[in-house]
Protein chains: 2
Amino acid sequence: MANYRCGVQVRLSNGVEWAAHAAILMAGLPDRHGIRAERLAVYLGVPPAYLAKQLQAMRRAGLVESSRGAQGGYRLSRSPSDISLWDITAAIEGPASIFRCTEVRQNGPCGLDARDCRTACGIAAAFRNAENTFRNELASVSLANLADQMLTDIKPDHIKYSLEWLHAESLPMPKAASEKTGD
Amino acid sequence: MANYRCGVQVRLSNGVEWAAHAAILMAGLPDRHGIRAERLAVYLGVPPAYLAKQLQAMRRAGLVESSRGAQGGYRLSRSPSDISLWDITAAIEGPASIFRCTEVRQNGPCGLDARDCRTACGIAAAFRNAENTFRNELASVSLANLADQMLTDIKPDHIKYSLEWLHAESLPMPKAASEKTGD
DNA sequence: TCAATTAGGATATTTATTATCCGAAATGAG
DNA sequence: CTCATTTCGGATAATAAATATCCTAATTGA
């Protein structure tokens, strides 16, 4: 009892996890092949309409390319070794930082004048620092790294089964809508 | 136009910022002196009832001591150099990690068996890693560091004014309720 | 021309955060 | 002892954000 929780939770949205898994799957497709959004959702067991949101966010960030219409689908727009976990996170979560300084030091009877608050207060600076290390750590992990690790972690026959499923769903994508510039 | 935002925001609650500011203020009180919660809220210009929540969370985490009743109040329970920004963050936000793995790899037609998921998947491991660096960075900043920096950043006459305000509000706290063990 | 598929937004639902309030317990002072 | 004061702990309301679904339009290959 007394299981009170005044403490607040801070989490990333699941969208980041889903987007990362989807990106790793696309890294496993044959060269220049894509896959339908709905098929990715089935493979991952997540709501199709919501995964589509994450795919659109990744497309706006330039991580994936899409083709509409029959035979349309998604594929990575860069090599898996050129896409980091930070790229995915930033695409889904946006550029906002974890800590938001509300300039408390300007409040109250002893509040500072805004002119004296050009430089960040120590608290904000420390959090900015910590966030940079967080970001750099994620930036050092690529989709290629993650795919490699997955191949060593999972049993060979399961890998074979999964790749067969994926490749059977893959679609040739000679050109992508996001790539075309009116030529 | 087209200022859509499908991207999601991730932030810490303001409680962390307020708690940190409150803790720095308490570090500026005379030795063995405390201050009423309501006075802290006035100084910081934040809602008293909500700051009280953060103070209670810090008390449960052992960072501050409180005394009830007339002449009651809060004071730090350790030296400012022994309390880190991570201590504050953990006290307010709780132990939950930023990234939450929902074991997507166990979903769908090619889902792994739970028995094969003893070790964390690469994505979860990478986030755990990044969070560790984030935490360590915050752990390296103490209240004493922050207070020192504040003293160098702020103009001397403003420091004087603020300390006078604080010291006028300070209360002697020979013993703290959280400290007493029934002796 | 038609069927299939993504794009973009509207919108509902659920969850988390922010904020306030009140009774109970504790304490120092008179 | 009694009383005014103040924190404690929880209940609960209000606001904001994340999660999820659906629909119409645009695009494309067959």
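In what follows, chains carry the letters A, B, and so on, assigned in the order in which the sequence lines appear, proteins first and then strands, with residues in each chain numbered from 1.
Look at CE on Met26(B): it is 14 Å from C1' on dT7(D), rounded to the nearest Å. The separation between Leu171(A) atom CG and dG29(D) atom P is 12 Å, rounded to whole Å. The distance from atom CG of Leu44(B) to atom C1' of dT18(C) is 17 Å, rounded to the nearest whole Å. Distance CD (Glu38(A)) to P (dA3(C)): 19 Å, rounded to an integer number of Å. Straight-line distance from the OH atom of Tyr50(A) to the P atom of dT6(C): 19 Å, rounded to whole Å. Going from atom CZ of Arg36(A) over to atom P of dA3(C) covers 16 Å, rounded to whole Å. The nearest whole Å value for the distance from the CG atom in Leu51(A) to the C1' atom in dG8(C) is 16 Å. Protein atom CZ of Arg68(B) is 5 Å distant from nucleotide atom C1' of dA26(C), rounded to whole Å.
When each of dG29(D), dG8(C), dT5(D) is scored by its nearest atom to the side-chain atoms of Arg60(A), the top-ranked nucleotide is dG8(C). Here the nucleotide nearest the side chain of Ala49(B), chosen from dT6(C), dT20(C), dG8(C), is dT20(C). Across dA19(C), dT21(D), dT6(C), the shortest atom-to-atom separation from the side chain of Trp18(B) is found for dA19(C).
Both Ala70(A) and Pro48(A) lie near DNA chain D, and the one whose nearest nucleotide falls closer to the 5' end is Pro48(A).
As judged by a 4.0 angstrom heavy-atom cut-off over every strand, Ala37(A) is placed among residues touching the sugar-phosphate backbone only.
Distances shorter than 4.0 Å separate some side-chain N or O of Arg59(A) from OP1 or OP2 on dG8(C).
A donor N or O paired with an acceptor N or O is found under 3.5 Å between the base of dG9(C) and the side-chain atoms of Lys53(A).
A donor atom on one side chain and an acceptor atom on the other are not found under 3.5 Å apart for Ser79(B) and Asp82(B). Residues Asp87(B) and Ser84(B) bring a donor and an acceptor atom of their side chains to less than 3.5 Å of each other. Ser142(A) and Asn145(A) share a side-chain donor-acceptor pair at under 3.5 Å.
Counting heavy atoms from C-beta on, the side chains of Leu85(A) and Phe127(B) come closer than 4.5 Å.
Not a single ring-ring contact (aromatic ring centres under 6.0 Å, His included) links Trp86(A) to another residue, sequence neighbours left out.
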